[in-house]
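Below, chains carry the letters A, B, ... as their sequence lines are ordered, and counting in each starts from 1.
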Protein chains: 2
Amino acid sequence: MYDKLIDHIRQNVPGTSIDKQTIEEYFTPQLFEKKEHFLKQGYICKLAGFVIEGCYRNYMISAEGKEVNTGFGFENWWLGDVSSFVNQTPTLINTQFLENTRLLTITAKNHIDLFEKSQCFREYTYKLRSKATMASVLKLSELSESARTRYKVLLEKYPKIQQRVSQRQIASFLHITPEALSRLRKSEIS
Amino acid sequence: MYDKLIDHIRQNVPGTSIDKQTIEEYFTPQLFEKKEHFLKQGYICKLAGFVIEGCYRNYMISAEGKEVNTGFGFENWWLGDVSSFVNQTPTLINTQFLENTRLLTITAKNHIDLFEKSQCFREYTYKLRSKATMASVLKLSELSESARTRYKVLLEKYPKIQQRVSQRQIASFLHITPEALSRLRKSEIS
DNA sequence: TAAAATCGTTGACCTACATCAAGACTTTTA
DNA sequence: TAAAAGTCTTGATGTAGGTCAACGATTTTA
């Protein structure tokens, strides 16, 4: 259980000596059911979580009141809103599980403690944060392309996504309707 | 010159005691001309910069080879790509000045030193980084709305942008053609 | 296990925005 | 300061993807 997180830290901060006991002390295993929310717009993000098993979507509410997916996460991903978590301000992000999901969670207070205490965890956090920023920017440039191109790029990047995420959810992420995605898939095959 | 940066740090980390001499030691004033690039895709981001006076655009190249603006920056904003700067990996961002621009720049090495040395600068960096992440995510949800709505939202957020940035550049940011923006503006007024 | 809800597909029709082209105005360059 | 380049506008025309509606298949709920 904890090993998955420790492995992930090791992968991102090579040659480090992270203490297993410290991890067990600061993180709590937690189970969420499909459709449950981890985070809702307007609330303060009290926990950060690391996915052991399962998957989730992040979405926002557009000015017209529609849900728009901004991303998905699977095993070995972090969830929580950095901005809200760090500054303890209301978040704009919604996170909902698409499968029953097992997490390791950490409170903001524990996160600060661990951040102060462990050089290794500091580097790990730092590294992940830069990666996350990059990912969200990448997404923006893709949006100037046709839905077809965006869909292709998505499948190239995450070939397995079709097995885990419904077309409705993928369509929302691509900023098109489920009908449009259906037609696009049809024309793609034939 | 240096005061603008010091003021900005004070505003973001209230009640701090930042040493003016330290700032002068670590940062270098630099002048860029309109149309010059601060950062180009594929290169490693060697400098971070703080805008004293002037303005810039960030853009990316889409898969179809077109420039797509991802944002603008003015006085008191930072430029540079965190991911590239921190990990010294090639950037995906292009930054070009839209006016002659005065900056205070800092090298990656100096940034690390100052980050280690100054608790205050650490907090400042940390805070700005969270803000930046938020801004880019915000942008994503807006893209599901009509061009008209996106334009309105942009003007509400940055009413002065019209005086500083050409319609071409704004159109690119809104993911529409300059023609479409022109027509949209016309129908808005009448 | 029956009823209700959700999902993916398809058809008919509509509209927001793209593309191409051309002219008037302004800014940059030599 | 004349020529060249870029900007904004407007017109004509094309198209990707939206909306609404309906149906069978699957999943969820009671």
Side-chain angles (χ1 to χ4, degrees), chain A residues 32-37 54-55 57 59 62-69 72 96-101 141-155 161-190, chain B residues 32-37 54-55 57 59 62-69 72 96-101 141-155 161-190:
Chain A
F32 287 86
E33 300 234 318
K34 185 171 174 173
K35 290 193 184 170
E36 264 191 279
H37 276 83
C55 101
R57 67 177 179 128
Y59 67 92
S62 78
E64 283 149 11
K66 288 184 205 160
E67 294 184 1
V68 183
N69 290 344
F72 304 102
Q96 185 188 35
F97 296 102
L98 299 173
E99 299 173 356
N100 296 339
T101 301
S141 77
E142 286 166 12
L143 268 168
S144 75
E145 287 144 35
S146 69
R148 166 164 279 107
T149 309
R150 275 176 269 151
Y151 183 54
K152 274 188 195 164
V153 170
L154 178 68
L155 290 190
I161 205 168
Q162 292 179 104
Q163 278 102 63
R164 303 279 299 262
V165 179
S166 72
Q167 281 178 225
R168 286 193 103 66
Q169 300 298 348
I170 291 175
S172 165
F173 179 77
L174 297 172
H175 292 244
I176 56 174
T177 56
E179 292 96 321
L181 178 55
S182 174
R183 281 185 247 266
L184 195 157
R185 281 161 54 85
K186 194 187 176 188
S187 74
E188 205 71 13
I189 296 157
S190 55
Chain B
F32 286 86
E33 301 233 317
K34 186 173 174 171
K35 289 193 186 172
E36 265 191 280
H37 276 84
C55 100
R57 69 176 177 127
Y59 67 91
S62 78
E64 283 147 11
K66 289 184 203 159
E67 295 183 1
V68 183
N69 290 344
F72 304 102
Q96 185 189 35
F97 297 102
L98 298 173
E99 299 173 357
N100 296 340
T101 300
S141 77
E142 287 165 13
L143 268 167
S144 74
E145 285 142 38
S146 69
R148 167 165 280 108
T149 308
R150 274 176 270 153
Y151 182 55
K152 275 188 195 165
V153 170
L154 178 68
L155 290 191
I161 205 166
Q162 292 179 105
Q163 279 104 61
R164 305 277 299 262
V165 179
S166 73
Q167 283 179 223
R168 282 195 104 64
Q169 300 297 349
I170 292 177
S172 165
F173 178 76
L174 297 173
H175 292 245
I176 56 175
T177 57
E179 293 96 322
L181 179 56
S182 173
R183 281 184 247 265
L184 195 156
R185 280 162 54 86
K186 194 188 176 188
S187 73
E188 206 72 13
I189 296 157
S190 54

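- With rounding to the nearest 0.5 Å, the separation of OH in Tyr151(A) from CZ in Arg185(A) is 4.0 Å.
- Residue Ser182(B) places none of its side-chain N or O atoms closer than 4.0 Å to OP1 or OP2 of dC8(D).
- Between Gln167(B) and Pro178(B) the shortest side-chain heavy-atom distance does not fall below 4.5 Å.
- Nearer the 5' end of DNA chain D, as judged by each residue's closest nucleotide, is the contact made by Lys35(B), out of Lys35(B) and Ala180(A).
- A sub-4.0 Å separation between OP1 or OP2 of dT19(D) and a side-chain N or O of Lys66(A) is present.
- Rounded to an integer number of Å, the gap from CD of Gln169(B) to C1' of dC8(D) is 14 Å.
- Taking atom CD of residue Gln162(A) and atom P of nucleotide dC7(C), one finds them 17 Å apart after rounding to whole Å.
- With hydrogens and angles ignored, the 3.5 Å screen pairs a side-chain donor or acceptor of Arg164(B) with a backbone N or O of Gly54(B).
- For the pair Lys34(B) and dT28(C), the criterion of a side-chain N or O lying under 4.0 Å from OP1 or OP2 is met.
- Taking CZ of Arg168(B) as the start and OG of Ser182(B) as the end, the distance is 11.5 Å to the nearest 0.5 Å.
- Taking the side chain of Ile176(A) as heavy atoms from C-beta on, and the options dG17(D), dT9(C), dT10(D), the nearest nucleotide is dG17(D).
- Rounded to whole Å, the distance from CD on Gln96(B) to C1' on dG6(D) is 14 Å.
- Rounded to whole angstrom, the span from the CD1 atom of Ile170(B) across to the C1' atom of dC8(D) amounts to 13 Å.
- Rounded to whole Å, atom C1' of dG17(D) lies 16 Å from atom NZ of Lys186(A).
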Side chain to side chain contact (heavy atoms under 4.5 Å, CB included) assessment of Val165(A) paired with Arg57(A) | CA-CA 9 Å; Val165(A) 179; Arg57(A) 67 177 179 128; over 6 Å; no

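- Among Val153(A), Leu154(A), Leu184(A), the one residue that satisfies the side-chain contact (heavy atoms from CB on, under 4.5 Å) test with Leu174(A) is Leu154(A).
- Between the side chain of Arg168(A) and the base of dT27(D), no donor-acceptor pair of N or O atoms lies under 3.5 Å.
- With hydrogens and angles ignored, a donor-acceptor pair under 3.5 angstrom links the side chain of Arg183(A) to the base of dG11(C).
- When distances are taken from the side chain of Arg150(B) to each of dC17(C), dA18(C), dG17(D), the shortest belongs to dC17(C).
- In the helix from dT1(C)-dA30(D) to dA30(C)-dT1(D), the end axes, each obtained as the rotation axis mapping the C1' atoms of four pairs onto the next four within a five-pair block, lie 70° apart to the nearest 10 degrees.
- Atom P of nucleotide dG6(D) and atom CD of Glu67(B) are separated by 12 Å, given to the nearest angstrom.
- One finds a side-chain N or O of Gln167(B) lying less than 4.0 angstrom from the OP1 or OP2 phosphate oxygen of dT9(D).
- Rounded to whole angstrom, the span from the CG atom of Leu184(A) across to the P atom of dA16(D) amounts to 11 Å.
- Among the atoms of the strands shown, only primed sugar atoms or phosphate atoms (P, OP1, OP2) are found under 4.0 Å from some heavy atom of Ser166(A).
- Classified by interplanar angle (parallel below 30°, tilted 30° to 60°, perpendicular above 60°), the ring pair Phe72(B)/Phe173(B) is tilted.
- Lys152(A) has no carboxylate O lying under 4.0 Å from a charged side-chain N of Glu145(A), or vice versa, which leaves the two without a salt bridge.
- Distance OH (Tyr151(B)) to P (dC17(C)): 14 Å, rounded to an integer number of Å.
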